[in-house]
There are 2 protein chains.
Amino acid sequence: MPKPGPRLRLIDVAERAGVSLATASRALSGREGVSEEVASRVRQVSKELGYVANPYARTLAGGTSSTVGLVVHQVDDPYFSEIAGGVIQVAAEEGLLVQICHSGRDPDEELRQLRHLITQRVGIILIAGSGYSDPRVEAEARAQLSEFQALGGRVAVIGRHALGVDAVLPDNEAGGRALAEHLLELGHRRIAVAAGTAGLTTVADRLAGVSSALRQRGLSLDTLPVVHGDFTRDGGRVAAEQILRDHPGTTAIIALNDAMAIGVLSTMRAHRIPVPERMSVVGFDDVSVAADLAPSLTTIRLPMTDMGRMALTLALKPRSTRPRRRSTGHVLVVRDSTGPTPRD
Amino acid sequence: MPKPGPRLRLIDVAERAGVSLATASRALSGREGVSEEVASRVRQVSKELGYVANPYARTLAGGTSSTVGLVVHQVDDPYFSEIAGGVIQVAAEEGLLVQICHSGRDPDEELRQLRHLITQRVGIILIAGSGYSDPRVEAEARAQLSEFQALGGRVAVIGRHALGVDAVLPDNEAGGRALAEHLLELGHRRIAVAAGTAGLTTVADRLAGVSSALRQRGLSLDTLPVVHGDFTRDGGRVAAEQILRDHPGTTAIIALNDAMAIGVLSTMRAHRIPVPERMSVVGFDDVSVAADLAPSLTTIRLPMTDMGRMALTLALKPRSTRPRRRSTGHVLVVRDSTGPTPRD
DNA sequence: CTGAAAGCGCTTACAG
DNA sequence: CTGAAAGCGCTTACAG
């Protein structure tokens, strides 16, 4: 195994291969204008010596950074850490650094993080997580990103559609529809929704799916309780408490992500309401613990790790004239938290 | 709010402040040898203009990098993502980049990641997660780290004690003892352990705590079943199946981390063994979902986020002559997964 | 196809 | 205390 020794420079490789610095640089970066023979010799020597380019010098000289900035709403939420896992996999394969930033679902903080990444000259920006309904926020983000792209930066987002960049889009609407259909087929009609913050597009999209399933059965979301709260476990608890208090006849609760569903389940347990016998509960995302809750959670599976991989892969491709969109697909995973309507 | 504009350089700040490049550099980096008056003027101008140094140029010139490499066993395991969250917080406060690497609990892969970080010239290396009992592995890692430190790199680790560097040390032994004492006080004697891979020091340390509690009661770990498996949910399931099969009289299972405990609980559910009525189960770590499992998990709480913060904070301090050690403390959190011995 | 040279934006001896 | 200059290790026009 080659032992690099921390001081090996490109010039060392060049000398050893008997070529100039410029030629060595071209050979290693796979650029045009080097005979295949020379190029392969340089690569050979480089490998033997265990040469690794200094990324700082490379960035400074070339203007293109090998750092990818990843902005997430919440680093220690499993939804985001699984996405980050996918991004990190691809980054490792490509020899890129990943810089993770945390916005805490605060749009202004997100804007600040974005600006910071741009100022730091990262080469790629990835944003994961719901967009905001507030057009001012999205317009500002959009402006920053397009300025960044104009300077050669690459961008991809996960779960945001209003940014005019390459996007990986989870099947939020279709997933919401599948969830509602599942409950309707089980006979539920008194359904309540524990929704995330009203200003998030993901919430709106999943809700739209629910609404469309209801409409197909001649029902309307407007007649059903939709309780908004934080897109977290605690948000789920608060929403569930409110639903139990204000809508005691409810037989099923749709939580719009698994974190909220976990909170809902915990509230049911606290009130000794058996799930699914008295109350069915569904989530969205299928984070890895969803299968281990008691009862195990019926939810929509999204391929989080793959979404992370896809996003970075998109960003690595040459920019296309129009933004690319990749849909994730989704699967309804039926487990033990849903059952037929209780008859009383 | 200052709008940086991506092309602002230190020379621009210097000119605006009416000083030379060198003076501006010194003023901003807080170095000696600038009159306080000049220094504060430069800082003022820099702030007004919204100047942010180019980290690549800075690293290339100064030799000290502002990226921190974080090596974890498993990025999407909550134990590690919470630690990473803490590291990211501090990094953000200090304007550092975080590069996360994943070793998959493979010691050779870890060594490879380490070498890669060193070659990439990161300024700080953080390693989180159990060490290996194999002295060869630890010696190799130790050698690499000391070479890195000799070149000016800073290092801190979480949960490893054999590396001769600053360390944040979870209370593994004391936690193991507390867990065992808790079960002993509830009357349990037929206790089994679902332990992680045998080669991990964390496993050995937690086991040592369990053993010491037993000894104090005149019992011995040698007479109890200790089943080794992966330090994951699936490892917990496999271990639990084996315990049920080979030691049907068992009344309590100590899982040496929460991931395994989740697997154990899921196996109990599959076998319809009520917890804690027929079987008590405990974990270790207190990942955030531990409270949401059914039954909620009795476990040892470790302050993961703080551990991440502490580790980076240690690494940021000037190096001391002898390695520093910070103990985390621990709390036994009693929840619903433990109860008195069943009498039959 | 190949090389000599300039330049990326900083920091840090080296002089004053 | 302050400044002019060299240098960090690359990439990329610019010549040949």
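Here the structure is a predicted model, which is why all the values come from computation and not from measurement. Chain A is the first sequence line, chain B the second, and so forth, proteins listed ahead of strands; every chain is numbered from 1.
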When you check the phosphate oxygens OP1 and OP2 of dT2(D), does a side-chain N or O of Thr23(B) lie under 4.0 Å from one of them?
no

Ser35(B) vs dT2(D): side-chain N/O to OP1/OP2 distance below 4.0 Å:
yes

Can you tell me how far P of dC8(D) sits from CG of Leu10(A), to the nearest Å?
14 Å

Specify the separation, in whole Å, of atom OH of Tyr56(A) and atom P of dC10(C).
16 Å

Strictly distance-based, threshold 3.5 Å: is any side-chain N or O of Thr201(B) a donor or acceptor partner for the main-chain N or O of Gly131(B)?
yes

With pairs defined as Watson-Crick or G-U wobble and both distances under 3.5 angstrom, please note down DNA chain D as a dot-bracket string, | for pairing with another strand.
|||.||||||||.|||

From CD of Glu15(A) across to P of dG9(D) the rounded distance in Å is 13 Å

The answer to which of Val34(A) and Leu21(A) contacts DNA chain C further toward the 5' end, by nearest nucleotide, is Val34(A)

Step through the shown structure and confirm whether more than 12 heavy atoms of other residues, nucleotides or ligands are within 6.0 Å of CZ on Arg16(B).
no

Quick one: Arg58(A) CZ to dC8(D) P, roughly how many Å, whole number?
19 Å

Would you please confirm or rule out a distance under 4.0 Å between OP1 or OP2 of dC10(C) and any side-chain N or O of Tyr51(B)?
yes

Would you say Ser25(B) places a side-chain N or O within less than 4.0 Å of OP1 or OP2 belonging to dC10(C)?
no

Whichever of Ile11(B) and Val19(A) has the more 5' nearest nucleotide on DNA chain C, that residue is Val19(A)

For atom CZ of Arg9(A) and atom P of dT11(D), their distance in whole Å
14 Å

Calculate the interatomic distance between Leu60(A) atom CG and dG7(D) atom P; express it in whole Å.
17 Å

What is the distance, to the nearest angstrom, from the CD atom on Glu36(A) to the P atom on dT2(C)?
11 Å

Could you tell me the separation between the CG atom of Asn54(A) and the C1' atom of dC8(C), rounded to a whole number of Å?
13 Å

